[in-house]
Amino acid sequence: MPDPIKPVIVGSVRAGIGPAGARLDEDLLAGLNEPQREAVTYRGPALLIVAGAGSGKTSVLTRRIASLLRAREAWPSQILAITFTNKAAGEMRERVRGLIGDVAQGMWISTFHSACVRILRREAEQFGFTKNFTIYDSGDSRALIKRLVKEHEADAFGLTPASVQGRISKLKNELADAESFARSANLSDPAERVFAELFADYQRALQRANAFDFDDLIGQTVYLFRAFPHVADVYRRRFRHILVDEYQDTNHAQYALIHELTRPPGDGGTLLDETEPASLTVVGDSDQSIYAFRGADIRNITEFERDYPGAKVVLLEQNYRSTQTILDAANAVIGNNFDRKDKKLWTDVGLGDPIIGFTGYSQHDEAQFVADEVEALRRRGIPYSEMAVFYRTNSQSRALEEIFIRAAVPYKIMGGTKFYDRAEIKDALAYLIAVANPADELSVRRILNRPRRGIGDVTETAIARYAQEEGITFRDALANVSALGVGPKIQQAIAQLDAVLAEATAIMLPASGEVAAPTSVTAGLTVLLNKSGYLDALRRSKDPQDEARVENLDELVAVTREFARGNPEGTVLDFLTEVALVSDADDLDDASGTVSLMTMHTAKGLEYDAVFVTGVEEDLIPHRISAGEPGGPQEERRLFYVALTRARKKLHVSLAMTRAQFGEVSAAMPSRFLQEIPHALIDWRQSPGDVNSRGGMKSRALNGRPSTGSGTGAGGGWSGGSRYGDDLVPLPKRERPAGDLTKFANRIPAKVRDNGDLELAPGDRIRHDDFGEGRVDMVTGEGAKRVAHVRFDTAGPKKLLIKIAPISKL
DNA sequence: GTAGTTCGACTTTTT
DNA sequence: GTCGAACTAC
């Protein structure tokens, strides 16, 4: 990517507000309200735009950039705009281009991670890396850490790969490194000492592999800037206008990076250097901070004015996205978070439709409601592409998928990095990495015996030992098979692998002077997959899944072709970088349109005409794990708030009474957040109370297998009280006796049915509201998941969730 | 060294 | 209900 650093024209930067500039701005300001105009036109060292959900912040940001360029206050190359996702970056670039045309070329609009990769590729040689470094995604890191944990036998100290990885990541987000950790840690605790060693080893391994993990991309760039001020100055002079979106979700390392970039260049340097620090614009909404779990520090926004004295603050509170009903619900929910600046979104588009609520018996039942409703909306003219379904955890997507496939609703799952997580794709990428960055031992080890070449642990260790003795890389050791002292068959296999890698290297990384052909990545990958025998092995296999793997690899080859089309000069490294940093395949919404399924986190920054928020249950949202974390429940509430505010016109909230996870069914309760939405705003198609009523409510689940736990007519039961922590008020107690369960709209009954710890033993006779009398065969499970296996006199054998089934002991 | 089997743990969210 | 790791049998 040619991107020469253009000289900064000192002094001209601030001069743009002339009469011409003002005139030029008029069309950019069209349709903006007063605060929005101010946010576009304000000029000064620092600007904080507090932008509520749907307040048009993207519009403001893009117009701000456009006006800077239009008035010649800045060259495109002087602008650095940071967004949260690659997708958002692409959209912003498009919108700026739409405003002022191709002048926009040369701007850096990217994520923190992409921007840092660009910087690091240029500067890697400054500190012991080479510019063909590779990027470890979380899976790669985990694999490496797993090996280290094993080597150190760290599990004896209660250190799991996951916990080590999480801790290292947290530390890196705080800009701590292995040494600084070791200095401050309590090393008399053996577990701490082992962890410190792991951390140091991990970092050494990364360095040896010429690789950065996600957190390093940011952290090492900060380190680079601090250790080499002359390098930092290059970027400080270059970037005159820095804009950061979603500022509430920046972590300390990212904050430090921005801080480094907005220092005056040549700190205390030459006399003539009067370059001012870059101007900084940040946009954020503390109510939408949902990434504290990965180190986002809300203080970055709340203390912005302290960090940048004299900063201008602009508040955007008018919402242009949703109906008043949706906003009222969202405002009411978020209002339950204490410790927040009160901010009320408003709109002038009117009340709109009520929120639609639905309670299913099971997650399939719930999914069926969503599918039906999607179809109904479609018939009323809302395109699929304007509908989205949100859930808290990725695993919830499965039930939705199953029903959507059955109902022939076109959908796509956003965000899940599934494709690039598949084993065969990772293998193929490891082949590419082995060529692009031979120092990356992890990748070479990965492909060593893939396909099966008869190279096992023993041989692998032999190669590693040989490499160490000779002081060469693992990759280079492969070229010296005869010295390894392994059998001729294995020698032959290794030599073959070495030859294939060499051939691909010649294609993708031709000797200096020559330029690789645009198709080099495609050609190289094809060679690797074919001549390594990888594809052959899959084709020969009788495992039916391997057929799909071949197709996936074809798909990957197609991706390289697509990449070549978009980046004629792109190298293998560019390709690998893109793959590592682009999470979802950034599908452009195709014309036919599909419903989007995604987690609530992924939903941030997006908007749809119709939104389905599913699984609104306790232990899911707020997630059970969040209860133990400081600020957890509040963050969950913000997450729910983000989900609600994505909807323009139609908002649906739904839940299931029973949810299967771990293959076991257990009873679920409505989320406390539901209770926080004013009842009058929700029109319950089927409220948690209804689900218990005996009158004519049948399971809508298509699979209709009554054996999946509760049977068809399981009563809805939500136990109130007791389980509430956090800052909430317990659900109001219902006065009516259980049994009188006619619909009462817009109320979530606190206690519809709860058999509590009704004891049942084999042999007991029971009566079920629907199935009549029967005899208990056995009881399995525990607590809320206790299941009675009952043989009914007339209805036959059923499995029932004891806690909520409409049964009584005789 | 490999293939097949059983057992266990596991699911929070992402660049 | 799924994925991976450990174990066993060739």
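Computation of the quantities below employed the complete heavy-atom set of this structure, encompassing side-chain atoms and omitting hydrogens, waters and symmetry-equivalent molecules.
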- [ ] May I ask you to say what A:S395 touches in the nucleic acid, namely base, sugar-phosphate or nothing, with a heavy-atom cut-off under 4.0 Å?
- [x] base
Task: side-chain hydrogen bond (donor to acceptor under 3.5 Å, both in side chains) against A:D140, all qualifying residues, sequence neighbours excluded - done: A:K426
Task: Side-chain N,O (A:N394) to OP1/OP2 (B:dT13) below 4.0 Å - done: yes
TODO: Check whether any side-chain N or O of A:T459 sits under 4.0 Å from OP1 or OP2 of B:dG1, and answer yes or no.
DONE: yes
TODO: To the nearest Å, give me how far apart CE (A:M600) and C1' (B:dT14) are.
DONE: 16 Å
TODO: Would you please name every residue forming a side chain to side chain contact (heavy atoms under 4.5 Å, CB included) with A:R294, sequence neighbours left out?
DONE: A:F84, A:Y291
Which atoms of nucleotides 2-4 of chain C (N or O only) lie under 3.5 Å from a protein N or O atom, and what are those distances?
none

Open item on the list: Distance check needed: B:dT15 C1' versus A:I290 CD1, whole Å only.
Closed with: 13 Å
TODO: Whole angstrom is fine here: how far is it from CG in A:D619 over to P in B:dT11?
DONE: 16 Å
Task: Along DNA chain B (nearest heavy atom to each residue), the more 5'-positioned of A:E636 and A:F112 - done: A:E636
- [ ] List in numerical order all residues of residues 213-225 of chain A for which some heavy atom is under 4.0 Å away from an atom belonging to DNA chain B.
- [x] A:F214
Task: CD1-CZ distance between A:I258 and A:F239, expressed to the nearest 0.5 angstrom - done: 10.0 Å
Open item on the list: Given the ring of A:F133, does A:R121 sit roughly above its face, with NZ or CZ under 6.0 Å from the centre of the six-membered ring and within 45° of the axis?
Closed with: yes
Task: Nucleotide nearest A:S138 when distance is taken to its side chain, options B:dT14, B:dT15, B:dG1 - done: B:dT15
Task: Distance, rounded to the nearest Å, where A:Q363 contributes CD and C:dG1 contributes P - done: 11 Å
Open item on the list: Side chain of A:H623 only, heavy atoms from C-beta on: which candidate in B:dT15, B:dT11, B:dT13 is closest?
Closed with: B:dT11
TODO: Check whether any side-chain nitrogen or oxygen of A:N449 sits under 4.0 Å from OP1 or OP2 of B:dT2, and answer yes or no.
DONE: yes
Open item on the list: Between P on C:dG1 and CD on A:E401, what's the gap in Å once rounded to a whole number?
Closed with: 15 Å
Task: side chain to side chain contact (heavy atoms under 4.5 Å, CB included) against A:S114, all qualifying residues, sequence neighbours excluded - done: A:N86, A:S110, A:T111, A:L581
TODO: Report the distance from atom CG of A:D245 to atom P of B:dT15, rounded to the nearest whole Å.
DONE: 14 Å
Task: Partner residues of A:N449 under the side-chain hydrogen bond (donor to acceptor under 3.5 Å, both in side chains) criterion, sequence neighbours left out - done: none
TODO: Verify the stacking flag for A:F293 against B:dT13: centroid separation must be under 5.5 angstrom and the ring planes must differ by under 30 degrees.
DONE: yes
Task: Residues forming a side chain to side chain contact (heavy atoms under 4.5 Å, CB included) with A:R659, sequence neighbours excluded - done: A:Q363, A:E366, A:Q396, A:E617, A:L620, A:A656
Hey, what are the protein-to-nucleotides 3-10 of chain B N/O distances that come in under 3.5 Å?
| unit_1 | atom_1 | unit_2 | atom_2 | d |
| --- | --- | --- | --- | --- |
| B:dA3 | OP2 | A:R452 | NH1 | 2.7 |

Task: Partners passing side-chain hydrogen bond (donor to acceptor under 3.5 Å, both in side chains) against A:E174 (at least two apart in sequence or in another chain) - done: none
TODO: Indicate yes or no for a side-chain donor-acceptor contact from A:T250 to the backbone of A:Y247 under 3.5 Å, with no hydrogens or angles considered.
DONE: yes
Open item on the list: Checking contacts here: which listed nucleotide (B:dG1, B:dT13, B:dT15) is nearest the side-chain heavy atoms of A:T599?
Closed with: B:dT13
Task: Smallest separation among heavy atoms of A:A477 and A:I463, with atom names - done: CB-CG2, 3.8 Å
- [ ] Give the rounded distance in Å between these two atoms: CG of A:L448 and P of B:dT2.
- [x] 11 Å
Task: Phosphate OP1/OP2 of B:dT15: any A:N251 side-chain N/O under 4.0 Å - done: no
Task: Counterpart residues, salt bridge (charged side-chain N to carboxylate O under 4.0 Å, His left out), relative to A:E607 (two or more places apart) - done: A:R321, A:R648
Task: Contact nearer the 5' end of DNA chain B, comparing A:I490 with A:S626 - done: A:I490
Task: Residues forming a side chain to side chain contact (heavy atoms under 4.5 Å, CB included) with A:R167, sequence neighbours excluded - done: A:F181, A:E192, A:F195
TODO: Check every atom of B:dG1, B:dT11, B:dT15 against the side chain of A:H113 and return the nucleotide holding the closest atom.
DONE: B:dT15
Open item on the list: So, using side-chain hydrogen bond (donor to acceptor under 3.5 Å, both in side chains) as the criterion, who are the partners of A:Y136 when residues are at least two apart?
Closed with: A:D440
- [ ] Answer yes or no: does a side-chain N or O of A:T602 lie under 4.0 Å from OP1 or OP2 of B:dT14?
- [x] yes
